[in-house]
Visitor: 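Have a look at the structure that comes next, please.
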Amino acid sequence: MAYIRKFKTTSGATGVQVCYKEGNRVVKTVHVGSGTSEKRITELLKRAQNIIDQGKTPLFDLDKFTKK
């Protein structure tokens with residue numbers, strides 16, 4: 001299971017990590033980056049979600065439902 005972790009760094013910025021758990025233990029952590037502005041943090045959260053979504057197959061093919 002993977003999840004996104006936000007935390008405060010010692011410099012006061014907000015850090016973003018992707019953590020992978022097996023059972024109750026964190027087995028891998030990927031540091032995405034850190035930022036001070038809300039815009040930068042939003043970008044990091046999107047990047048973290050993309051890391052989690054890599055390799056997953058979607059449940060539905062949304063292209064079938066969009067009008068062209």
Visitor: Out of V26, V30, V27, which residue meets the side-chain contact (heavy atoms from CB on, under 4.5 Å) rule with C19?
Guide: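 It is V26; the other options fail the test.
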Visitor: How long is the span from the NZ atom in K46 to the CD1 atom in I4, to the nearest 0.5 Å?
Guide: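 Reported to 0.5 Å precision, the distance equals 12.0 Å.
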Visitor: What closest approach, in Å, do G15 and T9 show between heavy atoms, and which atom pair accounts for it?
Guide: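 Result for this residue pair: N-CG2, 4.1 Å.
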Visitor: Among residues at least two apart in sequence or on other chains, which ones pass salt bridge (charged side-chain N to carboxylate O under 4.0 Å, His left out) with R40?
Guide: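 Testing R40 for salt bridge (charged side-chain N to carboxylate O under 4.0 Å, His left out), a comparison that skips the adjacent residues, returns E43.
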Visitor: Grab the two heavy atoms, one from G33 and one from L44, that are nearest each other, plus how far apart they are.
Guide: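 For G33 versus L44, the nearest heavy atoms are C-CD1, 3.6 Å.
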Visitor: Residues two or more places apart in sequence or in another chain: which of them pass side chain to side chain contact (heavy atoms under 4.5 Å, CB included) with N24?
Guide: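 Counting only residues at least two positions away or on another chain, N24 forms no side chain to side chain contact (heavy atoms under 4.5 Å, CB included).
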Visitor: For the NZ atom of K6 and the CG atom of L45, what is their distance to the nearest 0.5 Å?
Guide: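 Going from the NZ atom of K6 to the CG atom of L45 covers 5.5 Å.
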Visitor: What pair of heavy atoms forms the shortest contact from Y20 to I51, and how long is it?
Guide: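 That would be OH-CG2, 3.7 Å.
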Visitor: Quick test of your reading: applying salt bridge (Lys or Arg N to Asp or Glu O under 4.0 Å), list the pairs with at least one residue in residues 7-28, sequence neighbours left out, ordered by first then second residue.
Guide: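 Of all non-adjacent pairs touching residues 7-28, none passes salt bridge (Lys or Arg N to Asp or Glu O under 4.0 Å).
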Visitor: Please give me the minimum heavy-atom distance between A13 and T36, naming the atom from each residue.
Guide: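 Heavy atoms of A13 and T36 come nearest at CB-CG2, 3.8 Å.
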